[in-house]
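The structure appears right after this line, and notes come after that.
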Amino acid sequence: MTEKRLAIVTGGGRGIGLAIVMALEKQGRKVVAMDIDKARLAELQEKAEKEGLDILTECIDITDSDALTACMERLGDAHGGIGILVNNAGITRDGLVVTISDDDFDKVIAINLKASFVATRAATKSMMRHRFGRIISISSVSGVIGNAGQSNYAASKAALIGMSKCVAREFAKRNITANCVAPGFIVTEMTAVLPEKAKDYAKSAIPMNKFGAVEDIANAVAFFASDDSGYITGQVLCVDGGMAM
Ligand code: NAP
């Protein structure tokens, strides 16, 4: 039987994050969905209560480092420690190098990278006390192979991989693992807004010639969160239909 450890998923209100929340709950975890969107979380909370799902919600802007740290500490104290952290929340502000503004660069780094660091720092404090932890960061194939028009995003996602490997090395002896899942092109609201031409181009670069589903990513995260992956750390698993191989 899977231990009922607390799992926290940033950006858990929709898309890949929501699928991860559902998969971890199904795995027997108590899951906290953190998101900036109140309405989405209210809907999820209502569904959880109706269906008896062990899901809690926290409305928070994860770029507020103090609020995020305090929230993580409060959750850990209230639920016997944090067992699993999924750094999922992320944004894009695409553009060619010559058009990306400082603001668009900084925003992407603040959400995709710095908030993941702050959440990881808070989580590891709790995980060290309990000598168990699973940290899973959602990177991207853009961070692995690059993508024209995503220099800010790819920089943040490649940095997440570097950070995750440092965390893996720092905490390896304490039964805390850190791994990344790097999605390829997944059908979500984030990708729905891309022009058809960009979607066709993306599909042509995927050996399987199709986009992935949010569940494809959630399944990989559930594996890294499970006891089956206890001897795996510092890895990057591309879930991308073969795009980055
Ligand atoms: P999504 O549909 O946009 O969901 C992201 C969630 O995070 C949204 O609910 C968003 O709220 C929330 N969020 C954004 N900024 C936040 C903040 N400051 N504080 C708290 N929550 C915040 O994205 P997705 O497509 O599911 O992607 C999830 C992750 O996978 C991201 O890290 C993304 O980079 C990565 N990824 C996705 C793909 C893909 O093809 N979809 C491919 C590679 C990697 P708002 O909507 O209000 O901003």
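Computed from a predicted structure; not experimentally measured. First listed ligand is number 1; within each ligand, the first listed atom is number 1.
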Checklist entry - Can Arg40 and Glu43 be counted as an ion pair, charged N to O under 4.0 angstrom? => result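 Here Arg40 does not pair with Glu43 in a salt bridge, since their nearest N and O are not under 4.0 Å apart.
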
Side chain, backbone, both or neither: the part of [X] lying under 4.0 Å from ligand 1 by heavy atom:
| X | value |
| --- | --- |
| Ser139 | backbone |
| Thr191 | side chain |
| Thr188 | side chain |

Which residue supplies the protein heavy atom nearest to [atom], what is that atom called, and how far is it?
| atom | result |
| --- | --- |
| atom 40 (O) of ligand 1 | Ile186 N, 2.7 Å |
| atom 3 (O) of ligand 1 | Arg14 NH2, 2.9 Å |
| atom 42 (C) of ligand 1 | Gly184 O, 2.9 Å |
| atom 23 (O) of ligand 1 | Met190 CB, 3.7 Å |
| atom 7 (O) of ligand 1 | Gly11 CA, 3.3 Å |
| atom 37 (C) of ligand 1 | Ile16 CD1, 3.6 Å |
| atom 14 (C) of ligand 1 | Ile91 CG2, 4.0 Å |

How long is the gap from [atom1] on [X] to [atom2] on [Y], to the nearest 0.5 Å?
| X | Y | atom1 | atom2 | result |
| --- | --- | --- | --- | --- |
| Met34 | Ile8 | CE | CD1 | 4.5 Å |
| Thr191 | Ile16 | OG1 | CD1 | 8.0 Å |
| Arg134 | Arg29 | CZ | CZ | 8.5 Å |

Ligand 1 atoms in contact with [X] (distance to a heavy atom under 4.0 Å):
| X | result |
| --- | --- |
| Ile60 | 19 (N), 20 (C) |
| Ser140 | 43 (C), 44 (C) |
| Asp61 | 17 (C), 18 (N), 19 (N) |
| Lys157 | 31 (C), 32 (O), 33 (C), 34 (O) |
| Tyr153 | 33 (C), 34 (O), 35 (C), 36 (N), 43 (C), 44 (C) |
| Gly15 | 26 (O) |
| Gly90 | 31 (C), 32 (O) |
| Asp35 | 6 (C), 7 (O), 8 (C), 9 (O), 10 (C), 11 (O), 12 (C), 20 (C), 21 (N) |

Checklist entry - Quick one: does Ala19 get within less than 4.0 Å of ligand 1, heavy atoms only? => result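 Checking ligand 1 against Ala19, which is what was asked, there is no heavy-atom contact under 4.0 Å.
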
If we only count N/O pairs under 3.5 Å, is [X] in contact with ligand 1?
| X | value |
| --- | --- |
| Gly13 | no |
| Ile62 | yes |
| Pro183 | no |
| Ile36 | yes |
| Arg40 | yes |

Checklist entry - Can you name the closest pair of heavy atoms from Ile176 and Ile135 and give their distance? => result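 Closest approach of Ile176 to Ile135: CG2-CD1, 4.2 Å.
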
Checklist entry - Should we count NZ of Lys199 as having more than 12 external heavy atoms under 6.0 Å? => result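 Yes, enclosed.
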
Checklist entry - Are more than 12 heavy atoms from other residues, nucleotides or ligands located less than 6.0 Å from atom CZ of Arg74? => result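 Above 12, so yes.
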
Next on the checklist: Nearest non-hydrogen contact with atom 31 (C) of ligand 1 belongs to which option: Asn88, Ile138, Asn87?
Outcome noted: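 The nearest heavy atom belongs to Asn88.
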
Item to check | Pairs touching residues 108-119 that satisfy side-chain hydrogen bond (donor to acceptor under 3.5 Å, both in side chains), sequence neighbours left out | outcome: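 Sorted result for residues 108-119: Asn112-Ser156.
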
Side chain to side chain, [X] and [Y], heavy atoms closer than 4.5 Å:
| X | Y | value |
| --- | --- | --- |
| Ile100 | Ser151 | yes |
| Leu68 | Ile60 | yes |
| Met127 | Ile82 | yes |

Checklist entry - Between the main-chain N or O of Arg93 and the side-chain N or O of Asn152, is there a donor-acceptor pair closer than 3.5 Å? => result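 Such a contact is found between Asn152 side chain and Arg93 backbone.
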
Checklist entry - With no hydrogens and no angle check, is any side-chain donor or acceptor of Asp35 less than 3.5 Å from a backbone partner on Cys59? => result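 No; judged by distance alone, with no hydrogens or angles, the pair does not exist.
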
Checklist entry - Is it true that the side chains of Ser101 and Asp103 contain a donor and an acceptor less than 3.5 Å apart? => result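 No, Asp103 and Ser101 have no side-chain donor paired with an acceptor closer than 3.5 Å.
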
Item to check | ring-ring contact (aromatic ring centres under 6.0 Å, His included): pairs with one or both residues in residues 166-188, sequence neighbours excluded | outcome: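 Output for this query lists Phe185-Phe211.
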
